[in-house]
Amino acid sequence: MKHSLPDLPYSIDALAPVMSKETMEYHYGKHFQTYIDNLNKMVEGSPYEDMEIDEIVRTASGAIYNNAAQAWNHGFFFSTLSPEPVEMPETLKERIVKDFGSVAEFKAAMTKAATTLFGSGWAWLSEDKDGKLVISQESNAGNPITKGHKPLLTIDVWEHAYYIDYRNVRAAFVENVFGIVNWEKVAGRL
Ligand code: MN
């Protein structure tokens, strides 16, 4: 199976100033593309050649896992953003209030996960096996589907995600990302 770069659901410059066109040209156009290209090269002639990307992420390890999971994570990340503000649907709000106390407490916990993750990785909101919403930090190419969780939202905190626009200030990037989340997409994954 040949993996390909998914189209963005908005134009390449639509997320500015939260993510500038230059950031997107590198992040989506180069980093994401490279994970896809590496994955295609690595799976050729391997047991992973005909697998869907989800199955590769669940079953592979090493370099194949890293490239498959980074491709999966980036597709998920970019598809969950919107240049137009999207209100959080009540269905999601109720679940967040139930498991975190309030939307503000959820945002604070997700921000803490994203800003305190040491090195490269991802902050995730997922639904665990018991149906509880949980926040987790995953280093490098980590992905909650390997633990049987259902991912709902992620924030990429690799330096390539923010260094052009925010230099070293990861916290400002994370705060601004909350303003471009497509909450309807997040709610639709419940
Ligand atoms: Mn990235």
Side-chain angles (χ1 to χ4, degrees), residues 3-33 35-36 53-54 69-115 117 121-127 133-138 143-145 149-167 169-190:
H3 304 278
S4 56
L5 187 72
D7 289 334
L8 291 171
Y10 38 78
S11 64
I12 191 106
D13 59 355
L15 301 179
V18 177
M19 292 182 206
S20 68
K21 185 181 178 200
E22 187 184 1
T23 285
M24 291 299 288
E25 283 168 350
Y26 278 87
H27 197 185
Y28 168 79
K30 296 185 191 291
H31 289 278
F32 189 5
Q33 181 72 63
Y35 295 126
I36 299 274
I53 194 163
D54 294 48
Q70 281 295 81
W72 196 104
N73 294 358
H74 282 90
F76 189 84
F77 176 60
F78 288 123
S79 74
T80 312
L81 302 177
S82 165
E84 312 297 335
V86 178
E87 285 278 306
M88 186 183 287
E90 283 302 318
T91 49
L92 176 62
K93 203 178 281 179
E94 282 167 19
R95 296 286 301 276
I96 283 177
V97 170
K98 178 170 167 272
D99 291 327
F100 299 103
S102 67
V103 173
E105 282 169 278
F106 153 70
K107 281 186 180 168
M110 186 88 181
T111 298
K112 188 178 176 198
T115 54
L117 173 65
W122 303 79
W124 295 87
L125 171 68
S126 311
E127 190 176 36
L133 300 192
V134 290
I135 288 169
S136 60
Q137 295 175 316
E138 295 281 351
N143 181 309
I145 68 174
H149 294 188
K150 185 199 284 180
L152 304 174
L153 169 69
T154 191
I155 302 176
D156 185 346
V157 292
W158 282 58
E159 283 188 349
H160 67 226
Y162 58 87
Y163 222 81
I164 291 170
D165 298 328
Y166 300 85
R167 298 301 174 193
V169 192
R170 186 193 288 185
F173 164 72
V174 169
E175 188 181 343
N176 285 350
V177 168
F178 278 107
I180 57 167
V181 171
N182 186 336
W183 296 107
E184 277 175 18
K185 273 262 178 79
V186 178
R189 292 171 178 145
L190 283 168

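- Of the inter-residue distances, the one linking Ser136 atom OG with His149 atom NE2 reads 7.5 Å to the nearest 0.5 angstrom.
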Inset, instruction - Report the C-alpha distance between Leu117 and Arg170 in whole Å, list the side-chain angles of each, state the deciding distance to 0.1 Å, and finish with yes or no for side chain to side chain contact (heavy atoms under 4.5 Å, CB included). - result: CA-CA 10 Å; Leu117 173 65; Arg170 186 193 288 185; 3.9 Å; yes

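- Atom OH of Tyr26 sits in a sparse spot, with 12 or fewer heavy atoms from other residues, nucleotides or ligands closer than 6.0 Å.
- Between Phe106 and Trp183, the ring-plane angle classifies as perpendicular under the 30° and 60° cut-offs.
- Using a 30° and 60° split on the angle between ring planes, Trp158 and Tyr35 fall in the perpendicular class, above 60°.
- Taking 4.5 Å as the limit, every side-chain heavy atom of Asn143 sits out of range of all side-chain heavy atoms of Thr154.
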Inset, instruction - Under the side chain to side chain contact (heavy atoms under 4.5 Å, CB included) rule, what do Arg95 and Thr91 come out as? Steps first, then yes or no, please. - result: CA-CA 7 Å; Arg95 296 286 301 276; Thr91 49; over 6 Å; no

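- Within the 3.5 Å criterion, the main-chain N or O of Phe76 finds a donor-acceptor partner in the side chain of Ser79.
- Looking at every heavy atom in both residues, Met19 comes nearest to Phe173 through CE-CE1, 4.0 Å.
- Applying side chain to side chain contact (heavy atoms under 4.5 Å, CB included) to Met24 and the options Asp13, Ile164, Leu8 leaves one that passes, Leu8.
- Relative orientation of the His27 and His160 rings is tilted, given thresholds of 30° and 60° on the angle between their planes.
- The backbone N or O of Ser82 lies less than 3.5 Å from no partner atom in the side chain of Asn182, so there is not a single donor-acceptor pair.
- Note: Leu152 CG to Thr80 OG1 = 9.5 Å, rounded to the nearest 0.5 Å.
- A salt bridge is defined here as a Lys NZ or Arg NE, NH1 or NH2 lying under 4.0 Å from an Asp or Glu carboxylate O, and Lys98 with Glu94 fails to meet this definition.
- Between His74 and Trp122, a ring centre-to-centre spacing shorter than 6.0 Å is recorded.
- Note that the CZ atom of Phe32 and the CG atom of Asp156 stand 11.0 Å from one another [nearest 0.5 Å].
- Considering every non-hydrogen atom in both Ala123 and Met110, the closest pair reads O-CE, 3.5 Å.
- Between Leu15 and Pro83, the shortest heavy-atom contact is CD2-N, 3.8 Å.
- In terms of heavy-atom proximity, Ile96 sits nearest to Ser102 at CG2-O, 3.8 Å.
- Taking OG1 of Thr23 as the start and NE2 of His31 as the end, the distance is 9.5 Å to the nearest 0.5 Å.
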Inset, instruction - Evaluate the criterion side chain to side chain contact (heavy atoms under 4.5 Å, CB included) for residue pair Tyr166 and Val18; output intermediate values, then yes/no. - result: CA-CA 9 Å; Tyr166 300 85; Val18 177; 3.9 Å; yes

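- Considering every non-hydrogen atom in both Tyr162 and Val157, the closest pair reads CE2-O, 3.6 Å.
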Inset, instruction - Walk me through it: do Leu5 and Tyr28 pass the test side chain to side chain contact (heavy atoms under 4.5 Å, CB included)? - result: CA-CA 9 Å; Leu5 187 72; Tyr28 168 79; 3.6 Å; yes

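- Atom-to-atom distance recorded for Gln70:CD and Ile36:CD1 is 11.0 Å, nearest 0.5 angstrom.
- Remark: side-chain polar atoms of Thr111 are paired, donor with acceptor, to backbone N or O of Lys107 under 3.5 angstrom.
- Shortest non-hydrogen contact noted between Ile135 and Ala113 is CG2-CB, 3.6 Å.
- Counting heavy atoms of neighbouring residues, nucleotides and ligands inside a 6.0 Å radius, atom NZ of Lys185 exceeds 12 of them.
- Atom CD1 of residue Ile145 and atom CG of residue Asp54 lie 5.0 Å apart, to the nearest 0.5 angstrom.
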